[in-house]
Amino acid sequence: MIEVRDIAKSFGRVRAVRGVSFDVGRGEVAGLLGANGAGKTTTLRMITGFLPPDAGVIRIVGLDMAQQSVEARRRIGYLPESAPAYSEMLARDYLTYRARLFGMDRRAVRARVGHVMDRCGLGPVARRRIGHLSKGFRQRVGLASALLHDPEVLVLDEPTNGLDPAQIRAARELIKELAQDRTVLISSHILPEIELVCDRVIIMAAGRVRADGRVSELLAGSDDLARYYVEIRPKADGVGTAGEAAVELVRAIRGVRSARLNGRHGEWAKVTIDAERGAGDLREPIAVAAGRAGALVRELHADKPSLERLFLRIMETEETPGGGENREERR
Amino acid sequence: MRAVQVIAVREFASFFRLPVGWVVIALYLLLTGLVFGAMVLRPGEAASLRSFFGWANWLLLPIAPAVSMRLFSEETRSGTAEGLMTAPVSDAAVVMGKFAGGGMFLAALLLPTLVYVVVLGGASDPAPDPGPIVAGYLSLVLVSGLYLSIGLLASSLTSNQTLAFIGTLLGLVIVLMVTSTASGWAPAWLADLLAALSIPARVGDFAKGVIDTGNVVFFVAATAWFLVLTYVAVGSRRWR
């Protein structure tokens with residue numbers, strides 16, 4: 001439904017997007033992740049026809065965005081970042097205007113405006129000026145506007161921005177419901193949010209796609225992303241502090257990539273442990289090693305590989321010299 | 001066509017949702033009303049609206065840019081341009097819709113001045129000659145359209161309304177000055193050319209009650225030219 005082939009976009013000397021390709025199929029909910037400035041919004045703006053790519057092809061439901069732009073745009077419901085809307089208009093009037101802009105006749109306008117207002121819980125603010133609405137309601141007006149023409153493709157840029165936790169939950173439910181018969185592309189930097197809603201994630205950094213796939217696939221085989229926390233009391237040997245002894249003890253365990261002291265309570269040391277790739281579950285080896293060394297463990301738990309850790313690792317490789325050629329080119 | 005209408009109606013209505021629309025209309029009517037009372041409606045004076053049309057035309061100079069300045073700038077500044085430009089409407093429809101919306105507002109501004117015609121008709125004997133009045137209103141409409149199209153171009157080039165206003169006003173003043181004074185300083189061939197571009201000279205013809213096809217074509221063509229430039233500017237923004 002959304003086909004993106006090798007698109008690129010520069011603003012002056014800044015190469016915001018450089019050779020991005022992906023597909024999002026019917027009924028799929030894909031999350032576009034990336035740090036600020038990774039090129040997410042620029043990518044979405046190209047997909048929705050607001051910005052033309054310098055190179056590459058975008059197709060929406062098979063329609064080429066460059067050749068059949070108006071037809072392609074008709075298939076998309078787009079919520080731009082921070083949901084801009086005419087602040088002097090009443091919420092209902094704004095939605096009516098948008099519906100007419102999409103070419104609906106009078107009867108369809110009334111029916112659809114009523115429907116999306118119900119769906120997004122806008123009844124109480126129908127006759128309020130958009131400029132006087134809270135950020136959460138404004139966001140919902142934007143979402144309602146994106147749903148008006150019952151589009152096949154939904155593109156949402158930071159849809160939960162500015163919502164409170166209850167509203168985020170409601171928005172999440174709504175998006176899941178909408179996704180049943182639609183293609184949805186959501187950008188966000190709230191990772192747990194994406195994990196809950198999306199079947200699939202596309203991670204961008206420095207204008208490129210760095211990872212693309214189902215969350216479970218991306219995390220499979222990356223047990224080096226697992227992290228362990230242990231609170232340990234080493235046997236006093238009179239040499240060095242309890243902290244140093246604890247870290248040393250843990251470091252010696254096979255499969256431990258790194259260990260560092262993360263706080264102390266008297267003789268108890270808190271140690272954070274990162275695993276090597278293929279290390280498997282390290283909880284047992286840690287417990288066994290501690291027992292052998294005569295140390296006591298009063299807490300031991302593992303953080304499974306998470307999207308957040310994967311994301312952070314991608315960000316880290318971006319920042320190391322040579323990892324991100326972006327810096328070189330921007331200099 | 002439908003999209004042009006939808007956009008135009010929204011623009012027109014939004015002038016009245018904001019205080020600025022009412023203030024502009026009130027100011028225009030106050031000033032033209034003063035002209036009418038002080039210079040037109042005088043005992044012994046010939047029944048003619050000539051001085052009213054003269055002033056009404058000059059007053060458009062600051063008013064038309066005030067109307068046009070927000071049409072595109074505000075969309076760019078507030079980000080609503082993104083919603084508009086990703087809707088299934090062509091750039092041409094957006095430009096025409098904005099122009100028509102501003103034009104409708106200027107029409108709403110001129111409409112109440114018809115009261116002056118009625119009052120003058122009632123107060124004078126013999127009744128005023130309708131020719132110059134029709135020609136005078138035609139000149140107001142044509143000048144409004146031209147100023148508006150120039151202002152629309154300025155508005156499409158910046159997200160700053162003030163800059164769009166000052167740019168349009170300054171541009172108009174410079175054009176008026178250069179074309180009106182050309183005979184004094186330019187070589188003959190250039191002076192002729194510049195004189196042909198003089199808006200006040202053409203407005204003067206209308207004021208005499210003469211509807212010259214050449215004058216009408218001049219205003220319509222110039223307006224169309226600036227609308228095309230605006231269309232190109234909007235498109236280039238999208239394709240930058």
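Just so it is clear: chains get the letters A, B, ... in the order the sequence lines come, proteins before strands, and each one is counted from 1.
- Taking non-hydrogen atoms and a 4.5 Å limit, the residue list of residues 101-121 of chain A in contact with chain B, ordered by number, reads A:L101, A:F102, A:G103, A:M104.
- Nearest heavy-atom pair, A:F50 versus B:M85, reported as atom, atom and distance to 0.1 Å: CD1-CB, 3.7 Å.
- Across B:T80 and A:P84, no two heavy atoms sit closer than the pair N-CB, 3.8 Å.
- Only the side chain of A:Y78 comes within less than 4.5 Å of a heavy atom of chain B; its backbone N, CA, C and O stay farther away.
- A:G49 approaches B:T86 most closely through the heavy-atom pair C-CG2, 4.4 Å.
- At a cut-off of 3.5 Å, with distance as the only test, a side-chain donor of B:E75 or A:Y86 sits close to an acceptor on the other residue.
- Counted within 6.0 Å of CZ on A:R26, heavy atoms from surrounding residues, nucleotides or ligands total 12 or fewer; the atom is thus considered open.
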Taking only distance into account, with no hydrogens and no angle test, what donor-acceptor pairs under 3.5 Å do side-chain atoms of residues 26-36 of chain B form with protein atoms, sequence neighbours excluded?
unit_1, atom_1, unit_2, atom_2, d
B:Y28, OH, B:A56, O, 3.2
B:T32, OG1, B:Y28, O, 2.8
B:T32, OG1, B:L29, O, 3.3
B:T32, OG1, B:Y116, OH, 3.1

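- The shortest heavy-atom contact between B:G83 and A:R98 is O-NH1, 2.9 Å.
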(request) Test side-chain contact (heavy atoms from CB on, under 4.5 Å) on A:R100 and B:R10 and set out the steps. (result) CA-CA 11 Å; A:R100 299 191 64 209; B:R10 197 207 76 79; over 6 Å; no
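- To the nearest 0.5 Å, the span separating OG on A:S69 from CG on B:D91 amounts to 8.5 Å.
- Neither the backbone nor the side chain of A:R75 comes within contact range of chain B, judged by heavy atoms closer than 4.5 Å.
- Residue-environment remark: CZ (B:R17) exceeds the threshold of 12 foreign heavy atoms within 6.0 Å.
- One finds the CD atom of A:E88 at 10.0 Å from the CZ atom of B:F15 (value rounded to the nearest 0.5 Å).
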